[in-house]
Amino acid sequence: CIFLDRFLHHPKDFRKIATFLRNKSTKDCIKFYYDSKKTVPYKQALKEFLLRKKRRGDVVPWDATIQSVLSVGATVKAGTSAE
């Protein structure tokens, strides 16, 4: 899930993403991205992230982000946020 979070902040900047992951090289990050690209909706999650970042009172769905997180094996718990 660290990879996904860093990917949303630094899209396709695998060198920068690798600095946040212990014992992983840039090459490992690139391989993980392309191996998981078919199952993880990176583009949709990035669109949601960018919309949420610049939103002006609009409610942005979390669907692609949640799907991305679930596809890499993480668990999602309901929060208390109004969104």
Side-chain angles (χ1 to χ4, degrees):
C1 222
I2 296 171
F3 178 86
L4 180 62
D5 179 56
R6 294 293 101 196
F7 178 83
L8 294 176
H9 285 89
H10 311 285
K12 284 194 158 183
D13 186 353
F14 299 112
R15 183 174 296 136
K16 184 125 182 165
I17 294 169
T19 63
F20 294 96
L21 301 168
R22 286 188 193 161
N23 302 322
K24 297 295 178 193
S25 66
T26 302
K27 185 177 178 179
D28 294 331
C29 291
I30 293 169
K31 182 174 178 357
F32 179 79
Y33 172 77
Y34 285 104
D35 287 348
S36 63
K37 186 176 167 180
K38 298 288 183 190
T39 58
V40 179
Y42 289 113
K43 285 184 183 180
Q44 292 85 357
L46 185 57
K47 281 182 188 177
E48 285 178 2
F49 177 76
L50 293 174
L51 282 173
R52 230 178 277 112
K53 196 172 177 182
K54 69 173 189 174
R55 81 175 203 197
R56 295 184 180 115
D58 299 334
V59 176
V60 179
W62 288 83
D63 299 335
T65 306
I66 291 172
Q67 180 60 36
S68 299
V69 169
L70 292 175
S71 65
V72 294
T75 57
V76 178
K77 296 179 182 178
T80 58
S81 175
E83 292 184 44

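Keep in mind it's a predicted model, so treat the numbers as computed, not measured.
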| request: Could I get the full list of side chain to side chain contact (heavy atoms under 4.5 Å, CB included) partners for Lys43, not counting sequence neighbours? | output: none
| Residues forming a side chain to side chain donor-acceptor pair (under 3.5 Å) with Ser25, sequence neighbours excluded | Asp28
| request: Write out all pairs satisfying salt bridge (charged side-chain N to carboxylate O under 4.0 Å, His left out) with one or both partners inside residues 17-27, taking only residues at least two apart or from two chains. | output: none
| query | Relative to each other, are the rings of Tyr33 and Phe7 parallel, tilted or perpendicular (30° and 60° limits)? | reply | parallel
| query | How would you list, by chain and number, every residue that makes a side chain to side chain contact (heavy atoms under 4.5 Å, CB included) with Leu50, sequence neighbours excluded? | reply | Leu46
| query | Got more than 12 heavy atoms from elsewhere within 6.0 Å of CD1, Ile2? | reply | no
| field | Residue of the set Tyr42, Phe3, Phe49 for which side chain to side chain contact (heavy atoms under 4.5 Å, CB included) holds with Leu8 | value | Phe49
| Who are the side chain to side chain donor-acceptor pair (under 3.5 Å) partners of Asp35, not counting sequence neighbours? | Lys31
| said: Just to verify, what does Asp5 make a side chain to side chain contact (heavy atoms under 4.5 Å, CB included) with, not counting sequence neighbours? | reply: His9
